[in-house]
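Input: a single structure, listed below in structure tokens.
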Amino acid sequence: MEKERGNNNGNTVLLTVIGVATLLVALVGATFAYFSASINNEQAESLILQTATPVGLSYKGGTLALENIVPGDSKEGTFTVENPATVGETSTPNKVQQTYDLTIFVDKNELVTTYQSNSNVPKPADADTLLADQMRVYITAEKTTAGTNAAGEAANTTMKAIQYNAGTGKDYFNLTSVPATAGSNEVQIVNDQQIAIGEKHTYSIKVEFVELNIPQDANQGKAFEAHIEIGDTKSVKES
């Protein structure tokens with residue numbers, strides 16, 4: 001492996017994730033090659049809503065960095081959504097519960113799913129199926145801070161199930177073949193998730209570039225970029 005890495009020192013990639021609120025990692029890969037990829041995200045944005053009582057849902061991401069990755073590597077992180085208990089400089093009590101959506105937007109996708117032999121290795125029968133499922137994103141959610149309704153009573157908020165790829169039965173998002181084309185690049189994580197006053201939701205995220213045990217050299221030097229957005233926020237009646 002050291003010899004192979006030494007022969008591919010020119011294959012270095014710097015990937016940058018862009019977006020309103022980002023927390024996905026760009027992945028590149030090669031089974032028999034050495035390369036590096038890095039993502040840095042130190043953004044923390046707020047979405048401001050104009051309601052009867054102006055309220056801002058706070059969305060905060062983190063930093064995921066993968067260095068010198070090869071197939072089989074993964075990285076984990078977290079991001080949060082919070083409905084503040086007070087608003088404004090005068091700390092006016094917040095009286096509005098809300099709902100929100102979370103969506104993955106793919107901004108760039110150069111991942112190759114066409115088999116290319118290495119050292120004249122014959123193409124395995126399941127190569128196409130394997131290569132179409134290299135880039136996986138796992139997301140879980142929990143209510144980490146309890147909230148209340150407008151009357152100050154404990155709110156019974158239910159965390160909705162993550163909407164993994166419909167019909168696949170898989171517990172992850174397969175983003176390998178999602179195109180970076182407006183209108184086709186959206187993958188919904190959760191829809192109309194309610195959040196009470198003063199409540200915080202913490203999402204754990206894991207990104208994995210899967211080791212397929214077949215040559216993946218075609219992905220050397222390729223880039224994947226995506227971001228997560230919070231949107232479609234609505235004020236709702238107390239639960």
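Just so it is clear, the model here is predicted, and its values are computed rather than measured.
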**Report entry** Verdict with reasoning, Phe173 to Arg136, per side chain to side chain contact (heavy atoms under 4.5 Å, CB included)
**Finding:** CA-CA 6 Å; Phe173 293 105; Arg136 301 178 181 180; over 6 Å; no
Short question: side chain of [X], backbone of [Y] - any donor-acceptor pair under 3.5 Å?
| X | Y | result |
| --- | --- | --- |
| Ser204 | Thr140 | no |
| Glu211 | Asn213 | yes |
| Asn185 | Val106 | yes |
| Gln134 | Leu130 | no |
| Lys143 | Thr157 | yes |

Closest non-hydrogen atom pair, [X] against [Y]:
| X | Y | answer |
| --- | --- | --- |
| Pro215 | Leu131 | O-CD2, 4.4 Å |
| Val178 | Asn109 | O-ND2, 2.8 Å |
| Asn219 | Glu110 | OD1-O, 4.2 Å |
| Pro71 | Gln216 | CB-OE1, 3.5 Å |
| Tyr115 | Pro122 | OH-O, 3.4 Å |
| Tyr203 | Val81 | CE1-CG2, 4.3 Å |

Report task. Would you please indicate yes or no on a ring centroid separation below 6.0 angstrom for Tyr172 and Tyr164? Result -> no
Query raised in the report: Going hydrophobic residue to hydrophobic residue with side-chain gaps under 4.5 angstrom, can you get from Met159 over to Phe79?
Result: yes
Could you tell me the separation between the [atom1] atom of [X] and the [atom2] atom of [Y], rounded to the nearest 0.5 Å?
| X | Y | atom1 | atom2 | value |
| --- | --- | --- | --- | --- |
| Asp192 | Gln98 | CG | CD | 12.0 Å |
| Glu199 | Thr145 | CD | OG1 | 8.0 Å |
| Asn83 | Gln194 | CG | CD | 10.0 Å |
| Glu76 | Glu208 | CD | CD | 10.0 Å |
| Asn174 | Thr176 | CG | OG1 | 4.0 Å |
| Ile139 | Gln163 | CD1 | CD | 11.0 Å |

Query - For Thr129, all residues meeting side chain to side chain donor-acceptor pair (under 3.5 Å), sequence neighbours excluded - result: none
**Report entry** Qualifying residues under side chain to side chain donor-acceptor pair (under 3.5 Å), relative to Lys206, sequence neighbours excluded
**Finding:** none
Requested in this report: Decide side chain to side chain contact (heavy atoms under 4.5 Å, CB included) for Ile162 and Ile189; before the verdict, give the C-alpha distance in whole Å, the side-chain angles of both, and the deciding distance to 0.1 Å.
Outcome: CA-CA 6 Å; Ile162 302 299; Ile189 300 171; 4.0 Å; yes
Requested in this report: Please determine if Lys123 and Asp128 form a salt bridge, counting it only when a charged side-chain N lies under 4.0 Å from a carboxylate O.
Outcome: yes
Query raised in the report: Salt bridge or not for Asp73 and Lys75, using N-O below 4.0 Å?
Result: no
Requested in this report: Starting from the C-alpha separation in whole Å, work towards a yes-or-no answer on side chain to side chain contact (heavy atoms under 4.5 Å, CB included) for His201 and Gln193.
Outcome: CA-CA 10 Å; His201 298 166; Gln193 172 61 60; 3.8 Å; yes
Query raised in the report: Testing Thr148, Ile195, Ile197 for side chain to side chain contact (heavy atoms under 4.5 Å, CB included) with Gln97, which one passes?
Result: Ile197
Query - Name of the residue among Val190, Asn191, Thr233 meeting side chain to side chain contact (heavy atoms under 4.5 Å, CB included) with Asp101 - result: Asn191
Report task. Show the numbers, then the answer: is there a side chain to side chain contact (heavy atoms under 4.5 Å, CB included) between Val137 and Ile205? Result -> CA-CA 7 Å; Val137 176; Ile205 182 169; 3.9 Å; yes
Query raised in the report: Heavy atoms, side chains only, cut-off 4.5 Å: are Thr86 and Thr92 in contact?
Result: no
Query - Derivation of the salt bridge (charged side-chain N to carboxylate O under 4.0 Å, His left out) call for Lys170 and Asp133 - result: CA-CA 11 Å; Lys170 297 177 179 178; Asp133 192 10; 3.3 Å; yes
